[in-house]
Every structure is written in C-alpha cells, then in structure tokens.
A.B. asks: 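Can you keep this structure in mind? I'll have questions shortly.
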Amino acid sequence: MSRERNRTIAIMLGAIVVIVVIAVAMFMGLSSNGSTEKMTADEMAVGYDHMLAVDAGGNVYAWGHNIMGELGDVTCENKSEPVKVEVPGRVVQVAAGDELSFALCKNGNLYAWGNNTSYQMGDGMNISRMEPEKMMEDVSMVAAGAYHAMAIGTDGSLYIWGRNKNGALGVDDSQCDQTDEEGYACMSLPYKLMDDVVYIDAGEDYSMAITSDGTLYAWGYDEDYQLGIENPDSINDNDEAYQSKPAKVMEGVSKVACGAKYMAFALTESGELYAWGNASVGSIGTTEVDDTENQVQVKPLKIMDDVQDIAAGSAHAVALKNDGTAYTWGVNNYCQIGMKYGDSTYQIGEEIIYYQAEPKKLAKNVEAIAAGGFNTMYRSSDGVLRTIGSNLYGQLGIGSDDEYKKTGTAVYLKK
C-alpha cells in the first residue's frame with residue numbers, strides 16, 4: 001500500500017517537473033525571439049503591403065508581399081508568417097516603402113533591399129535586390145517614401161535619393177543624375193539637402209524634416225494640401241501643385257508622420273497633435289476644416305492632446321495617447337482601423353469607401369504603434385505584437401489566408 005502510494009506521488013512529481021520544464025522552455029523561447037520583449041515604434045515598420053519588425057536581439061523579421069524581394073529572404077514569394085532577414089549587424093530601426101525595406105544598425109550602417117527601379121535604394125544602380133545590401137555609413141535615422149528615401153547622418157545632415165517626381169527630393173530635376181523607366185528624374189546616390197535635422201518621414205512623392213530647433217519643413221507633391229503650407233511654389237504638367245524646395249510648416253514639432261498621399265501629422269513636445277490635408281475620407285481625424293467646400297485642411301489644425309506617438313497609413317492613422325490608449329480614424333475598407341465599417345461613406349463611381357471621420361478607441365495598454373498601406377500594427381504592454389487590416393498578401397503575419405482582420409491578432413517572431 002505504502003509502495004503504491006509512493007509510486008503515485010513519484011508519477012505526480014514527475015508530471016509537475018515536465019510541465020515546469022516545458023513552461024520554462026516556452027518562456028525562454030518566446031523571450032529569445034522577441035515576442036515577449038518590449039519593442040519601440042522605431043523597431044516596427046509597415047510598408048504598402050509588407051511589414052518589418054526587430055526583436056530584442058536586433059534581428060529583423062519580414063512578412064507579406066514579396067514580388068520585388070522586399071522581404072529580403074532571397075525569394076520573390078509572399079510570406080504569411082515572419083521570416084528572418086540576414087542583416088549583418090544589430091538593427092535598431094527599420095523603414096518600409098512601396099516594395100522597399102531598410103534596416104539601420106547600431107553601428108550606423110544602413111542596409112536596403114527590394115524595389116530599386118527608381119534608384120530608391122540609393123546604391124547608384126536601378127537593380128532590385130532580394131537580400132540586404134549596405135548602402136550608407138554613419139546614419140542615425142532612415143525614412144522611406146513610395147519611390148524615394150531619406151537618411152539623417154550622425155552629424156545631422158539630411159540625405160535624399162530616388163525618384164524626384166513632383167519635387168519629392170527637394171531639388172531641381174536638373175540636379176538629378178538618372179531617369180527611371182517612366183521618365184522621372186532620379187537621384188541615384190545619397191545627396192545632401194539640409195543640415196541640423198533630427199527627424200524625418202516621407203509619403204508618396206513628398207517629404208518632411210524637423211530641425212533641432214523644432215521647425216518642420218515640407219516639400220514635394222501638394223495636390224491634397226498634405227504639405228501644410230498655403231502657397232506651394234510650383235505646378236506640374238497636370239496643373240497640380242507641388243513644392244520644389246523645403247518650406248517651413250510650423251514650429252515646436254518633435255515628430256511628423258506622412259500618409260501615402262492625402263494627409264500628414266505633427267506632434268509637439270507638449271503632446272499636441274496637429275493634422276492637415278484631405279479630409280473627405282476622414283484621413284485627418286476631423287471634419288471641421290478650413291476649406292469646407294473642398295473638404296481639405298490647408299494649415300496645421302490641432303485635433304488631439306496628450307499624444308505620445310502618431311503613425312499614418314495610406315489614408316488612415318493611429319495615435320497613441322500618454323495613458324497607453326490607441327485611437328484610429330480614416331479609410332476602413334480593409335478594417336485597418338479595427339472595426340467593420342465606420343461612421344461615414346464616400347462614393348467613387350460604383351465603389352463605396354467606408355471611413356471613420358473622428359478618432360475611435362482601438363486598444364488599451366498599447367506601448368508602440370506603426371501604420372502603412374491598409375494595415376495597422378501595435379505592441380501591447382503584455383508583450384504581444386498585433387496586426388489588423390488587409391491580408392491579401394499575408395501581410396498580417398499570422399499564417400492565415402483571410403482577406404482581412406478587424407481584431408488585433410498576435411504575430412510571433414521566430415528564430
């Protein structure tokens with residue numbers, strides 16, 4: 001009887017040990033691949049149809065659309081789950097454009113891969129790459145537009161390269177050294193544009209930079225008033241407005257976020273969030289604009305207080321408040337703002353655009369955000385990376401073939 005009881009106890013103890021070992025192994029595995037470690041906003045990036053993330057060890061993972069090699073895994077196959085990108089160094093920031101990716105290492109080396117047809121990698125050629133290629137040193141920040149990119153040097157110098165359509169680079173076409181297949185002037189290598197720059201972002205054919213004194217400058221395409229300036233200096237062949245050189249927008253700015261085309265946002269040091277651009281599909285988070293006839297906001301307009309971060313997608317945005325609550329607004333046809341429809345609709349021919357005109361709560365206890373294309377990505381304080389929106393190319397990273405998700409779904413990075 002005693003012997004049988006001892007055997008039962010031994011079996012129970014053995015089972016407990018096994019459970020503990022498995023639990024510890026799972027925890028260690030999740031911690032080592034970054035899915036339970038904190039991730040800052042600079043360590044996440046959402047392109048037009050692909051995403052990038054950096055784990056706690058400085059490793060880069062990518063997933064989604066890959067037709068131009070933007071995932072960096074030496075294939076052109078879309079991936080619905082994260083794949084590790086072999087970048088030679090500890091990565092501290094990533095940036096994603098339209099079929100283009102960048103990784104900035106702690107030592108200041110900048111790597112690029114993906115679409116290079118408009119010289120947007122900055123390596124002097126227009127050959128697209130399926131794996132990371134080093135293209136700059138001594139870099140402190142990088143930003144990717146659709147077909148152009150920018151980087152801040154460690155000395156505060158701002159460098160630009162890629163396609164100069166509608167003044168996206170802030171230089172005259174005559175200063176560019178190449179032309180792409182569509183006939184647009186391009187800068188094939190990094191070109192110094194400004195000094196004393198501390199923050200940058202880019203949209204489709206437009207760019208923004210913040211200098212050390214908090215002054216925000218903008219240049220490029222302005223047909224939707226996305227530059228935040230009243231009188232741009234140029235008109236293209238289609239009678240569309242653009243700014244050919246950097247122009248002052250406002251002061252006291254600590255961060256800027258550019259949408260793909262329609263809008264932009266500026267965050268002040270005191271947490272005030274300003275927006276401007278096309279408001280017809282809710283892109284700027286308010287309907288109270290200074291040009292109600294055309295539904296555009298020409299000059300920066302304050303739309304929210306107590307904000308610590310802002311990110312913009314194609315025509316939607318996400319803001320993170322100081323209390324850890326994330327709010328979204330804008331176009332929502334792929335549930336990229338975390339709901340099924342929205343409070344309004346917009347008709348384009350036979351197509352109905354669903355959108356949310358006012359900020360709506362997305363999630364609580366959020367510590368980092370990112371947005372791009374038709375997707376939003378955020379990291380909760382529970383250590384989980386989550387994605388919502390379009391999944392047509394597997395860009396949610398959840399291993400699913402669902403067309404979209406309106407609820408944040410966990411993404412786990414792998415070794």
A.B. asks: Can you confirm whether V249 sits close enough to I229 that some side-chain heavy atom of one is under 4.5 Å from a side-chain heavy atom of the other?
C.D. replies: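 The answer is yes, as the side chains (C-beta and beyond) meet within the 4.5 Å cut-off.
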
A.B. asks: Step by step, would you call V171 with C176 a side chain to side chain contact (heavy atoms under 4.5 Å, CB included)?
C.D. replies: CA-CA 8 Å; V171 299; C176 297; 4.1 Å; yes

A.B. asks: For a quick test of reading the model, state the closest non-hydrogen atom pair linking A241 to E223 and the distance between them.
C.D. replies: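 Shortest heavy-atom contact: N-OE1, 3.0 Å.
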
A.B. asks: So which heavy atom on P246 is nearest to which on L193, and how close?
C.D. replies: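 The answer is CG-CD2, 4.1 Å.
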
A.B. asks: Which pair of heavy atoms, one from V85 and one from L71, lies closest together, and at what distance?
C.D. replies: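 That closest heavy-atom pairing would be CG2-O, 3.2 Å.
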
A.B. asks: Hey, does the side chain of E204 reach the backbone of A260 with a donor-acceptor pair shorter than 3.5 angstrom?
C.D. replies: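 No; judged by distance alone, with no hydrogens or angles, the pair does not exist.
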
A.B. asks: Using only heavy-atom distances, determine whether the side chains of Y404 and K340 contain a donor-acceptor pair under 3.5 Å.
C.D. replies: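 Distance-only check passes for Y404 and K340.
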
A.B. asks: For the residue pair D290 and Q297, what are the closest heavy atoms and their distance?
C.D. replies: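 In this case the closest contact between D290 and Q297 is N-OE1, 2.8 Å.
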
A.B. asks: Can you tell me if OH on Y334 sees more than 12 non-hydrogen neighbours from other groups inside 6.0 Å?
C.D. replies: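 Result for OH/Y334: open.
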
A.B. asks: Quick one: CD on Q336 to OG1 on T376, what's the gap to the nearest 0.5 Å?
C.D. replies: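 With rounding to 0.5 Å, CD (Q336) is 7.0 Å from OG1 (T376).
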
A.B. asks: What I'd like to find out is whether the side chain of N391 reaches to under 4.5 Å of the side chain of K405, using heavy atoms alone.
C.D. replies: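 No, every pair of side-chain atoms sits at 4.5 Å or beyond.
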
A.B. asks: Do Q356 and T328 have side-chain atoms, one donor and one acceptor, less than 3.5 Å apart?
C.D. replies: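 No, T328 and Q356 have no side-chain donor paired with an acceptor closer than 3.5 Å.
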
A.B. asks: For S174 and D172, does a side-chain donor sit closer than 3.5 Å to a side-chain acceptor?
C.D. replies: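 No donor-acceptor contact under 3.5 Å links the two side chains.
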
A.B. asks: Would you kindly say whether S283 and N278 are connected by a side-chain donor-acceptor distance under 3.5 Å?
C.D. replies: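 Judged by distance alone, the side chains do not pair up.
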
A.B. asks: Are E240 and Y221 linked by a side-chain donor-acceptor pair shorter than 3.5 Å?
C.D. replies: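 Yes, a side-chain donor-acceptor pair sits under 3.5 Å.
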
A.B. asks: Could you walk me through whether R163 and D205 satisfy the salt bridge (charged side-chain N to carboxylate O under 4.0 Å, His left out) test, starting with their C-alpha distance in whole Å, then the side-chain angles of each, then the deciding distance to 0.1 Å, before giving a yes or no?
C.D. replies: CA-CA 8 Å; R163 190 174 77 176; D205 301 325; 3.0 Å; yes

A.B. asks: Taking atom types as modelled, find out whether T387 and N375 have a side-chain donor-acceptor pair closer than 3.5 angstrom.
C.D. replies: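 No - no donor-acceptor pair under 3.5 Å links their side chains.
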
A.B. asks: Regarding Q308 and N322, is there a side-chain donor-to-acceptor distance under 3.5 Å anywhere?
C.D. replies: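 Q308 vs N322: no donor-acceptor pair found between side chains.
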
A.B. asks: Side chain to side chain contact (heavy atoms under 4.5 Å, CB included) between Y159 and M136: does it pass, once the steps are laid out?
C.D. replies: CA-CA 10 Å; Y159 295 88; M136 277 188 79; 4.0 Å; yes

A.B. asks: Counting only heavy atoms not in E403, do more than 12 fall under 6.0 Å of its CD?
C.D. replies: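 Count not over threshold, so no.
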
A.B. asks: More than 12 foreign heavy atoms under 6.0 Å from OH of Y262: is that the case here?
C.D. replies: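 No - once you tally the heavy atoms of other residues, nucleotides and ligands closer than 6.0 Å, there are 12 at most.
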
A.B. asks: Should the ring pair W329 and F265 be called parallel, tilted or perpendicular, given that the plane angle runs from 0 to 90° and is split at 30 and 60?
C.D. replies: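 Ring orientation, 0 to 90° scale: perpendicular.
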
A.B. asks: Under 3.5 Å, is there a donor-acceptor pair linking the side chains of S380 and N365?
C.D. replies: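 Looking only at side-chain atoms, N365 and S380 do not form any donor-acceptor pair under 3.5 Å.
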
A.B. asks: Would you say the side-chain atoms of N166 and N236 include a donor-acceptor pair closer than 3.5 Å?
C.D. replies: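 Result is yes, a qualifying pair exists.
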
A.B. asks: Measure the shortest side-chain to side-chain distance between Y206 and D222 over non-hydrogen atoms and say whether it is less than 4.5 angstrom.
C.D. replies: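 No, every pair of side-chain atoms sits at 4.5 Å or beyond.
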
A.B. asks: With the side chain counted from C-beta on, respond yes when E131 and R129 share a heavy-atom pair under 4.5 Å apart, and no when they do not.
C.D. replies: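 No; the side chains remain at least 4.5 Å from each other.
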
A.B. asks: Between D343 and K360 (salt bridge meaning N to carboxylate O under 4.0 Å), is one present in this structure?
C.D. replies: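 Looking at K360 together with D343, the answer is no, because their closest N to O distance does not fall below 4.0 Å.
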
A.B. asks: Measuring only between side-chain heavy atoms, which start at C-beta, is V411 closer than 4.5 Å to I398?
C.D. replies: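 Heavy-atom side-chain distance check passes, below 4.5 Å.
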
A.B. asks: Does the side chain of E99 come within less than 4.5 Å of H65's, by heavy atoms?
C.D. replies: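 H65 vs E99: side chains touch.
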
A.B. asks: Got more than 12 heavy atoms from elsewhere within 6.0 Å of NZ, K261?
C.D. replies: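 Check fails, neighbour count at 12 or below.
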
A.B. asks: Quick one: are M135 and M121 in side-chain contact, heavy atoms under 4.5 Å?
C.D. replies: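 The answer is no, as the side chains (C-beta and beyond) never meet within the 4.5 Å cut-off.
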
A.B. asks: Would you check if the distance from the ring center of Y341 to the ring center of Y355 is below 6.0 Å?
C.D. replies: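 No; Y355 has its ring centre 6.0 Å or more from that of Y341.
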
A.B. asks: Start with the C-alpha gap between F374 and Y48, add the side-chain angles, then the distance that decides, and say whether ring-ring contact (aromatic ring centres under 6.0 Å, His included) holds.
C.D. replies: CA-CA 7 Å; F374 308 102; Y48 196 76; 5.5 Å; yes

A.B. asks: Quick check: are there more than 12 heavy atoms from other residues, nucleotides or ligands sitting under 6.0 Å from NZ of K245?
C.D. replies: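 Yes, enclosed.
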
A.B. asks: Is the backbone N or O of G108 less than 3.5 Å from a side-chain atom of D138, with the two atoms forming a donor-acceptor pair by type?
C.D. replies: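 No, D138 side chain to G108 backbone: no donor-acceptor pair under 3.5 Å.
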
A.B. asks: Is there a side chain to side chain contact (heavy atoms under 4.5 Å, CB included) between I310 and M304? Walk through the geometry before answering.
C.D. replies: CA-CA 11 Å; I310 177 68; M304 193 177 289; over 6 Å; no

A.B. asks: Do D49 and L392 have side chains that approach each other closer than 4.5 Å (heavy atoms only, starting at C-beta)?
C.D. replies: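 No. Closest side-chain heavy atoms not under 4.5 Å.
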
